[in-house]
S.K.: 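To start, I am sharing the structure in question, which I have written as structure tokens.
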Amino acid sequence: MKTALSISQLETEFKSSDFVLKTQHQIAKDFGTSGIEFTTAFFTAPLSYLELINSVGEKLGQIMTLGETQTLQLLYRIDIPQQDFLALATDTEFIQKMSILIIRREGYKIYLRSVYK
């Protein structure tokens, strides 16, 4: 059974509205444990990839205002490797690049669930 997923394969998965919506639910669930809530529309309508990056970026910015501990706890929960976080820590496009990593990781979780169900 194949479990590895390349970025191009993941991008193909994101062409499915169902996959996008499941990914959005996973993102909202993980952010919700940190007290960051998404709008009702986030749960009901699949967003374009750019809209998803912007939405996650906005919520990531919110959690960052709560402090480093909360931000790191969220990234740990989502399973973003510490070296990826540290590599982007001083990047001027941190929010956007980290949002993309979060979306990819959350999408990968959805993919793995579909493979092992």
S.K.: Please answer whether the main-chain N or O of Ile36 pairs with a side-chain N or O of Gln62 as donor and acceptor at a distance below 3.5 Å.
M.R.: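 Checked: no pair found.
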S.K.: Who are the side chain to side chain contact (heavy atoms under 4.5 Å, CB included) partners of Ser16, not counting sequence neighbours?
M.R.: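 Only Asp18, Phe19 meet the side chain to side chain contact (heavy atoms under 4.5 Å, CB included) criterion with Ser16.
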S.K.: Going by side chain to side chain contact (heavy atoms under 4.5 Å, CB included), name the residues that satisfy it together with Leu88, two or more places apart in sequence or in a different chain.
M.R.: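 With neighbours one apart ignored, the set is Asp91, Phe94, Lys97, Met98, Leu101.
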S.K.: Might you point out which heavy atoms bring Phe31 and Leu60 nearest each other, and give the distance in Å?
M.R.: CE2-N, 3.8 Å
S.K.: Would you call Gln73 and Thr69 a side-chain contact if the rule is heavy atoms closer than 4.5 Å?
M.R.: yes
S.K.: What are the two closest heavy atoms between Ser55 and Leu47, and how far apart are they?
M.R.: OG-CD1, 3.6 Å
S.K.: The test is side chain to side chain contact (heavy atoms under 4.5 Å, CB included); show your working for Tyr108 and Thr23 and say whether it passes.
M.R.: CA-CA 9 Å; Tyr108 186 63; Thr23 301; over 6 Å; no
S.K.: With sequence neighbours left out, write down each residue that passes side chain to side chain donor-acceptor pair (under 3.5 Å) with Ser34, or none if nothing qualifies.
M.R.: Arg77
S.K.: For atom CD of Gln82, decide whether the heavy atoms of other residues, nucleotides or ligands shown that lie under 6.0 angstrom number more than 12.
M.R.: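 No.
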S.K.: Evaluate the side-chain proximity of Ile110 to Glu13: yes if any heavy-atom separation is below 4.5 Å, no if none is.
M.R.: no
S.K.: Find the distance between OG (Ser99) and NZ (Lys59) and round it off to the nearest 0.5 Å.
M.R.: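 Reported to 0.5 Å precision, the distance equals 12.0 Å.
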S.K.: Any side-chain heavy atom of Tyr49 within less than 4.5 Å of one from Val20?
M.R.: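 When only atoms from C-beta onward are counted, Val20 and Tyr49 do not touch, as no gap falls below 4.5 Å.
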S.K.: Drop me the distance from His25's NE2 to Phe43's CZ, to the nearest 0.5 angstrom.
M.R.: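 His25 atom NE2 to Phe43 atom CZ measures 6.5 Å (nearest 0.5 Å).
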S.K.: Could I get the full list of ring-ring contact (aromatic ring centres under 6.0 Å, His included) partners for Tyr76, not counting sequence neighbours?
M.R.: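 Tyr76 satisfies ring-ring contact (aromatic ring centres under 6.0 Å, His included) with no other residue.
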S.K.: Using every non-hydrogen atom in the two residues, find where Ile78 and Arg105 come nearest and quote the distance to one decimal.
M.R.: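 Closest heavy-atom pair between Ile78 and Arg105: O-CG, 3.1 Å.
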S.K.: When clusters are formed by joining ILVMFWY residues with side-chain heavy atoms under 4.5 Å apart, either directly or through shared neighbours, do Leu50 and Phe14 land in the same one?
M.R.: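 No; tracing contacts between hydrophobic side chains, which count when under 4.5 Å, never links both residues.
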S.K.: Would Gln26 and Asp30 count as having a side-chain donor-acceptor pair, cut-off 3.5 Å?
M.R.: yes
S.K.: Just verifying a value: how many Å separate Gln24 CD and Ile103 CD1, rounded to the nearest 0.5 Å?
M.R.: 9.0 Å
S.K.: What pairs with Ser48 under side chain to side chain donor-acceptor pair (under 3.5 Å), at least two apart in sequence or on another chain?
M.R.: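 So Ser48 forms a side chain to side chain donor-acceptor pair (under 3.5 Å) with Glu51.
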S.K.: With a 4.5 Å heavy-atom cut-off, do Ile102 and Leu75 have their side chains touching?
M.R.: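 In contact.
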S.K.: Once side chain to side chain donor-acceptor pair (under 3.5 Å) is applied, do any residues pair with Glu106, and if so which ones, sequence neighbours excluded?
M.R.: Lys109
